[in-house]
Amino acid sequence: MWLFSNSSRTHRSSRAGQLVADLAAAQNQVPEIVNWSTGCNELNIDLAYDMAVVGDFADKDALLRYFKHPAVQALLQRIEELCASRVSVDYSAP
């Protein structure tokens, strides 16, 4: 989940929309991604983050390869520039 830095909700919405499009494109560029879902916050409440992504990978090794992919590295750099806060949870599903 990501919270964009120092911007109004209007600017956050446009930034999130572009990032959702970029993340959707990554699914076609990064073979390790099995399933991918992104979305923007729909409620205007103070404690909400601006957007989230949920990705499925075959296994832990695929997830580690994903992080090294050049397209992912470029996205992570962009996210770092835009965000005041990021939260990530990586877990194995049954």
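If you read the sequence from its start, that first residue is 1, and numbering goes on from there.
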### Task
Taking the side chain as every heavy atom from C-beta outward, state whether Gln18 and Asp22 have any atom pair closer than 4.5 Å.
yes
### Task
Calculate, to the nearest 0.5 Å, the distance between atoms CD and CG belonging to Gln29 and Leu75 respectively.
7.5 Å
## Note on the structure
d(Ile79 CD1, Met51 CE) to nearest 0.5 Å is 7.5 Å
### Task
May I ask whether Trp2 and Phe67 are part of the same hydrophobic cluster, defined by side-chain heavy atoms of I, L, V, M, F, W, Y residues being less than 4.5 angstrom apart, directly or through others?
yes
### Message
Less than 4.5 Å apart, side chain to side chain, heavy atoms only: is that true for Arg65 and Pro31?
### Response
no
### Query
What class does the angle between the rings of Phe57 and Trp36 fall in, given that below 30° is parallel, 30 to 60° is tilted and above 60° is perpendicular?
perpendicular
### Task
Applying side-chain contact (heavy atoms from CB on, under 4.5 Å), run through Asn41 and Tyr49 and close with a yes or a no.
CA-CA 7 Å; Asn41 180 44; Tyr49 271 53; over 6 Å; no
### Message
Within the 4.5 Å heavy-atom criterion, are Glu32 and Val72 side-chain neighbours or not?
### Response
no
### Message
If I compare all heavy atoms of Val20 with all of Cys40, which pair ends up nearest, and what's the gap?
### Response
CG2-SG, 3.6 Å
### Query
Are Val30 and Leu76 connected in a single hydrophobic cluster, I mean Ile/Leu/Val/Met/Phe/Trp/Tyr linked by side-chain heavy atoms less than 4.5 Å apart?
yes
#### Entry: Spacing of CG belonging to Leu3 relative to CG belonging to Leu82, to within rounding of 0.5 Å
11.5 Å
### Task
Following the transitive rule for hydrophobic clusters with a side-chain heavy-atom cut-off under 4.5 Å over Ile, Leu, Val, Met, Phe, Trp and Tyr, establish whether Val53 and Val89 coincide in one cluster.
no
### Query
Is it true that a side-chain atom of Asp50 and a backbone atom of Phe4 form a donor plus acceptor pair closer than 3.5 Å?
yes
